[in-house]
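Chain A is the first sequence line, chain B the second, and so forth, proteins listed ahead of strands; every chain is numbered from 1. Below, all heavy atoms of this structure are taken into account, side chains as well, without hydrogens, waters or symmetry copies. Keep in mind that this is a model prediction, so the values were computed, not measured.
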2 protein chains.
Amino acid sequence: MVTATERRERQRAERHQLIITAARELAESEGWEAVTTRKLADKVEYSQPVLYGHFANMEAIRDAVAIEGIAEMAEQLRAAREAAPASEGVRAVCTAYLAFAAAHPAAYQAMFTLPTKVKFAHAETPAPLRAAFGEIVSAFGPFDDRNAALAELIWGSLHGMAVLLRSGRIPEAAQEQRLDLLIALFANAPA
Amino acid sequence: MVTATERRERQRAERHQLIITAARELAESEGWEAVTTRKLADKVEYSQPVLYGHFANMEAIRDAVAIEGIAEMAEQLRAAREAAPASEGVRAVCTAYLAFAAAHPAAYQAMFTLPTKVKFAHAETPAPLRAAFGEIVSAFGPFDDRNAALAELIWGSLHGMAVLLRSGRIPEAAQEQRLDLLIALFANAPA
DNA sequence: CACAAAAATCTAGCGCTGCTAGAATAATGT
DNA sequence: ACATTATTCTAGCAGCGCTAGATTTTTGTG
């Protein structure tokens, strides 16, 4: 009976996603330190060991949230870039990046701050991550070494701004001017 | 008897520093997740409750390591800036910043990544932190709004580079060119 | 020096964590 | 209808941050 196996696998995949969604919701509402195996098991209405049937450990669950978040961000960067004229591509992508970080702080943390097993600049780098990086590069132009370098650099700057803002280490107040200045600097990039 | 009290206070201060140093060493050698009250108490050869006579909780111990690290970094930024010609001030400070982050990753984490009660852009901002920020501003020139904004921005960029490098999220390979590019961008800053 | 008061320190334990072995239950194929 | 297999749960381990209360050490006084 093939359909029985298929149904089981489908239900398993559904529960897999359920765990990821529950972990993400819990993290966004109460912070990652509140995402414990017991609370998460409670939320998905299974016992703790079921979680371990889907993920090796809690870190793997966080990584799954990270990948999901990266895919979402890639999509939002793409939409923002395509909606803007080419001359405003960098600004559109930067704004969308910071908006995502502010709107989904816990997901953002899983993506770029918490320890992770996700491979970033590597042969095994997951497709959504490549896509997100590609969107930043595209804001500068075709995918070449120079634009990739600019993309890495502005990513670093945006990430720094995002986390220092989030933790209150730089003030929210002048954020708009700060972003304007960043974009102006990158617009004047020497060849 | 005044001397007895004085001696007690001196010994207490010594032990206070001993705890900070032990926590920092443990964090640098085994990571912050290994800095537990039990291991730390073991290392300083006291029982756990003694730690709580000096610090409210583990977070306060991390914050103490953070402040110590910030003071050290401020000193190293100052030394680097003063040793370089004014035209190379920004490069000197950037290089020293990234060198500190690479040399003391656990301290750096306590300073700028882990949750903290340390006030950054605030009336209660501790002196060493003001000093460190002041060093970055000085690399750009006198302390005015524009140079402060540039300092905040390049701090964000450096921090982003530091943490993304540390976690393997951007490759070590092109780091030198990346830094050159960053400095070039800031050198071309519009008025 | 002897001894009560005060200060310093430790032992032991609470409720939590991530994780897992083995028991109990449910679904499956004959 | 029943044995087999797959699934899920109960119960527990070792370690976590933190603290109440017992114990030891130090202090100041007669």
Side-chain angles (χ1 to χ4, degrees), chain A residues 1-20 22-24 26-27 29-66 106 109-110 114-117, chain B residues 1-20 22-24 26-27 29-66 106 109-110 114-117:
Chain A
M1 202 153 175
V2 181
T3 52
T5 307
E6 278 175 354
R7 194 197 59 224
R8 278 219 314 271
E9 295 210 349
R10 196 190 62 235
Q11 288 177 335
R12 193 181 156 76
E14 278 166 13
R15 198 171 58 179
H16 190 90
Q17 183 57 49
L18 181 65
I19 294 171
I20 297 173
R24 184 170 173 181
L26 210 45
S29 63
E30 302 182 37
W32 277 107
E33 75 284 355
V35 185
T36 68
T37 54
R38 283 169 182 81
K39 282 192 201 170
L40 188 51
D42 250 35
K43 184 150 177 161
V44 298
E45 298 185 305
Y46 285 97
S47 63
Q48 295 176 70
V50 167
L51 304 176
Y52 292 88
H54 288 270
F55 300 94
N57 47 42
M58 277 297 289
E59 187 183 7
I61 297 178
R62 274 206 317 265
D63 283 356
V65 172
Q109 233 182 347
L114 298 176
T116 180
K117 293 254 182 306
Chain B
M1 203 158 179
V2 181
T3 53
T5 308
E6 278 175 355
R7 196 197 59 224
R8 277 218 315 269
E9 293 211 350
R10 196 190 62 236
Q11 288 176 337
R12 193 181 156 74
E14 278 167 13
R15 199 171 59 179
H16 190 89
Q17 183 57 50
L18 181 65
I19 294 171
I20 297 173
R24 184 170 173 179
L26 210 45
S29 64
E30 302 180 38
W32 277 108
E33 75 283 357
V35 184
T36 68
T37 54
R38 284 168 182 81
K39 282 192 201 170
L40 188 51
D42 249 36
K43 183 150 177 161
V44 298
E45 298 185 306
Y46 284 97
S47 63
Q48 294 176 71
V50 167
L51 304 177
Y52 292 88
H54 288 270
F55 300 94
N57 49 43
M58 276 297 289
E59 188 183 6
I61 297 179
R62 274 207 317 267
D63 283 355
V65 171
Q109 234 183 346
L114 298 176
T116 181
K117 292 254 181 306

_Euclidean distance, atom OH of residue A:Tyr46 to atom P of C:dT25 [Å, nearest integer]_ = 18 Å

*Please confirm whether any donor atom in the side chain of B:Arg38 sits under 3.5 Å from an acceptor in the base of D:dG15, or the reverse.*
no

*Is the shortest heavy-atom distance from the side chain of B:Asp63 to the side chain of B:Phe55 under 4.5 Å?*
no

*Given atom CG of B:Leu26 and atom P of D:dG17, what is their separation to the nearest angstrom?*
11 Å

*Could you check B:Arg62 against B:Val35 for side chain to side chain contact (heavy atoms under 4.5 Å, CB included), going step by step and ending with a plain yes or no?*
CA-CA 9 Å; B:Arg62 274 207 317 267; B:Val35 184; over 6 Å; no

*Trace of the side chain to side chain contact (heavy atoms under 4.5 Å, CB included) decision for A:Ile19 with A:Tyr46*: CA-CA 10 Å; A:Ile19 294 171; A:Tyr46 285 97; over 6 Å; no

*Round to a whole Å and report the spacing from OH of A:Tyr52 to P of D:dC9.*
15 Å

*asked:* Strictly below 4.0 Å: does B:Arg8 bring a side-chain N or O up to OP1 or OP2 of C:dA8?
replied: yes

*Which comes earlier along DNA chain C counting from the 5' end, the contact point of B:Pro49 or that of A:Asn57, where each point is its nearest nucleotide?*
B:Pro49

_Between P of D:dC16 and CE of A:Met58, the distance in whole Å_ = 18 Å

*Using a cut-off of 4.0 Å on non-hydrogen atoms, how would the nucleic acid contact of B:Arg12 be classed: base, sugar-phosphate, or nothing?*
nothing

*Phosphate contact (D:dC18 OP1 or OP2) by B:Thr37 side-chain N/O below 4.0 Å*: no

*Touch class at under 4.0 angstrom, heavy-atom based, for B:Ser47 against every strand present*: base

*What about B:Gln48: does its side chain form a donor-acceptor pair under 3.5 Å with the base of D:dC18?*
yes

*Nearest-Å distance, CG (A:Leu51) to C1' (D:dT7)?*
14 Å

*5' precedence on DNA chain C between A:Ala56 and A:Lys39 (nearest-nucleotide basis)*: A:Lys39

*Are more than 12 heavy atoms from other residues, nucleotides or ligands located less than 6.0 Å from atom CD of A:Glu14?*
yes

